[in-house]
J.: 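What follows is a single structure, and I will ask about it in a moment.
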There are 2 protein chains.
Amino acid sequence: MARTQGSHSDITGPRIRKAALGLFARHGYAAVSMRQIAAEVGVQAGALYNYTPDKQSLLFHLMHEHMQELLSAYGELTQPENAFEALHQFVRFHIRFHLERPDEVFIAYMELRNLTPENFSEIEALRRKYEDALEAILRKGQGAALFDIADTKVATLAVIAMLNGVMTWYRAGGRLSLDEVEQNYWDMVRRSVSA
Amino acid sequence: MARTQGSHSDITGPRIRKAALGLFARHGYAAVSMRQIAAEVGVQAGALYNYTPDKQSLLFHLMHEHMQELLSAYGELTQPENAFEALHQFVRFHIRFHLERPDEVFIAYMELRNLTPENFSEIEALRRKYEDALEAILRKGQGAALFDIADTKVATLAVIAMLNGVMTWYRAGGRLSLDEVEQNYWDMVRRSVSA
DNA sequence: CTTCTATTTGAACATACGTTCAGATACTGT
DNA sequence: ACAGTATCTGAACGTATGTTCAAATAGAAG
């Protein structure tokens, strides 16, 4: 056999990335074989190499694309002048964006150690950019006496860590609606930094 | 060759667990081979099977031991009557205990998905116990009007997530002392739940 | 209908994996 | 000194891994 009926790179390509995303998220990069990914797509392992030079690149591109989307989606928001409102927007954006992409988020955090050093640096730089956006808000609010924060760097990481926690338990259709979850976290974040 | 000079299970056993702990934390369970663990101990792979029936049990026992120690260490503390002080004690305990065991903590969170379903349930139950201890404090403080919390379950997970964030960046000898870190996080946690 | 290109197969490669076990050596108690 | 036990080696097992590639078929273009 050889080329199969209906095969097209516009279809197979995305299907490979989607299958890899799901499998990496569920079982971890190291525990997933190229043959498993291929099987989920309905193709032989060799065919994957028309779409990625190797397994590492497949992981890297998934993570890179996710971080790019995160930054560009946040960048498209118009930043309120008021730091308080900017923080509120950040909290809402972060929760919503991340809850919409559980697999991507999971991978972007859990599989960092499976990146080659160069790839790791690149992803890390993007994550740093995002953190810096939050820190800028906290600094600004601190300057305007809206916030009372001992250490903005610590506060930045603490806020992001708290918000990321929502991923471990929230499921659509659960006890709380998304709006309620947002409200809950905003209440806590707001009070944790407010003057 | 066969038995080597100075070999003793009291020495080799702990060394195997220590090597496995470090390697699992650094590279991930699935990415670490029994031969790598053996090499770090200075032994052949077959020798490991005098100490563990298989790789899965090795992982499980590391996680189980960690969770048991966490619960027993926390259980030994005398609980203040005042919920405010109890929360303060929890925050200090959590930060200190976790920063002393970065590898164990990392594994206990990252490698959950590599446990068999039965092993997973057991570890999950222990983690739940720990979370319940914090939730009990929050409920109590809520009842005494010390706290103002919309949802104690969400607050419990949010506080733990925030505190866990410290593991991703704190290094001894860094910019902040452990006392300062504790103070920073306590300030934020306290305000996030206070009435 | 023919030619060219896109896409996949299927087999093969060298290497690595977790695990088992008989045999060999070191320690322990008498 | 000897017997019994604890510990490790080294080889082997079947299977799985990431990756490569010539050959084969499907679709697109003229």
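In what follows, chains are A, B, ... by sequence order, proteins preceding strands, each numbered from 1.
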J.: Which one, D:dT9, C:dG18, D:dT19, comes nearest to the side chain of A:Met34?
T.: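 My answer, after comparing the listed nucleotides, is D:dT19.
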
J.: Take the angle between the ring planes of B:Phe90 and B:His94 and call it parallel below 30°, perpendicular above 60°, tilted in between.
T.: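 Geometry flag for B:His94 against B:Phe90: parallel rings.
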
J.: On the nucleotide D:dC8, are OP1 or OP2 found under 4.0 Å from the side-chain N or O atoms that B:Tyr51 carries?
T.: yes

J.: Evaluate the ring planes of A:Phe84 and A:Phe147, with Trp represented by its six-membered ring, and classify them as parallel (under 30°), tilted (30 to 60°) or perpendicular (over 60°).
T.: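 Ring orientation, 0 to 90° scale: tilted.
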
J.: Measure from CD on A:Gln5 to P on D:dA28 and round the result to the nearest Å.
T.: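 Interatomic distance, CD of A:Gln5 to P of D:dA28: 12 Å.
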
J.: What does A:Val32 touch in the nucleic acid at a heavy-atom separation under 4.0 angstrom: a base, only the sugar-phosphate, or nothing?
T.: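 Sugar-phosphate: the residue A:Val32, judged by heavy atoms under 4.0 Å, touches backbone atoms but no base.
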
J.: Does the side chain of A:Asp179 pick up a donor-acceptor pair with the side chain of A:Gln183 at under 3.5 Å?
T.: no

J.: For B:Gly42 and for A:Gly6, locate the closest nucleotide of DNA chain D by heavy-atom distance; then report the residue assigned to the nucleotide nearer the 5' terminus.
T.: B:Gly42

J.: Quickly work out the A:Tyr29 OH to D:dT17 P distance and round it to whole Å.
T.: 13 Å

J.: Which of these, B:Tyr185, B:Tyr74, B:Trp186, sits in a ring-ring contact (aromatic ring centres under 6.0 Å, His included) with B:Phe93?
T.: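 Looking at B:Tyr185, B:Tyr74, B:Trp186, the match for B:Phe93 under the ring-ring contact (aromatic ring centres under 6.0 Å, His included) is B:Tyr74.
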
J.: Please report the interatomic distance CE(B:Met63) to CG(B:Leu21), rounded to the nearest 0.5 Å.
T.: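 Nearest 0.5 Å value for the CE-CG distance: 11.0 Å.
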
J.: I want to check one thing: is the phosphate of C:dA26, taken as OP1 and OP2, less than 4.0 Å away from some side-chain N or O of B:Ser7?
T.: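 No.
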
J.: Of the nucleotides D:dT19, C:dG18, C:dT8, which has the atom closest to the B:Lys55 side chain?
T.: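 From the listed options, C:dG18 comes nearest.
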
J.: Does B:His8 put a side-chain nitrogen or oxygen below 4.0 Å from OP1 or OP2 of D:dT7?
T.: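 Result: yes.
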
J.: State which of D:dG18, C:dC17, C:dT9 makes the closest approach to the side chain of A:Gln44.
T.: C:dT9

J.: Do B:Arg3 side-chain and C:dA24 base share a donor-acceptor contact under 3.5 Å?
T.: no

J.: Please pick, from C:dT9, C:dC17, D:dC8, the nucleotide with the shortest atom-to-atom distance to any side-chain atom of A:Ala47.
T.: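 So the side chain of A:Ala47 is nearest to C:dT9.
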
J.: Heavy-atom nearest nucleotide on DNA chain C for A:Thr12 versus B:Pro53: which residue maps closer to 5'?
T.: A:Thr12

J.: Check whether the side chains of A:Asn184 and A:Glu180 place a donor and an acceptor atom closer than 3.5 Å, and report yes or no.
T.: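 Looking only at side-chain atoms, A:Glu180 and A:Asn184 do not form any donor-acceptor pair under 3.5 Å.
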
J.: Is there a side-chain contact between A:Thr4 and the phosphate of C:dT8, meaning an N or O under 4.0 Å from OP1 or OP2?
T.: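 No, because none of the side-chain N or O atoms of A:Thr4 sits under 4.0 Å from OP1 or OP2 of C:dT8.
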
J.: Output the rounded distance in Å from CD1 (B:Ile11) to C1' (D:dT7).
T.: 12 Å

J.: For A:Asn50 and C:dT5, give me the distance from atom CG to atom P, rounded to whole Å.
T.: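 Value for this atom pair: 16 Å.
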
J.: Is there a side-chain polar atom (N or O) of A:Ser33 under 4.0 Å from OP1 or OP2 of D:dA16?
T.: no

J.: Please give, in whole Å, the distance from D:dG18 P to A:Leu59 CG?
T.: 13 Å

J.: Taking CG from B:Asp10 and P from D:dT7, how many angstroms apart are they, rounded to a whole number?
T.: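 In whole Å, D:dT7 P and B:Asp10 CG are 7 Å from each other.
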
J.: Using the closest heavy atom to pick a nucleotide of DNA chain D for each, name whichever of A:Arg35 or B:Leu48 lands nearer the 5' end.
T.: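 The residue mapped nearer the 5' terminus is B:Leu48.
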
J.: Starting at OH of A:Tyr49 and ending at P of D:dA22, how long is that distance when rounded to a whole Å?
T.: 17 Å

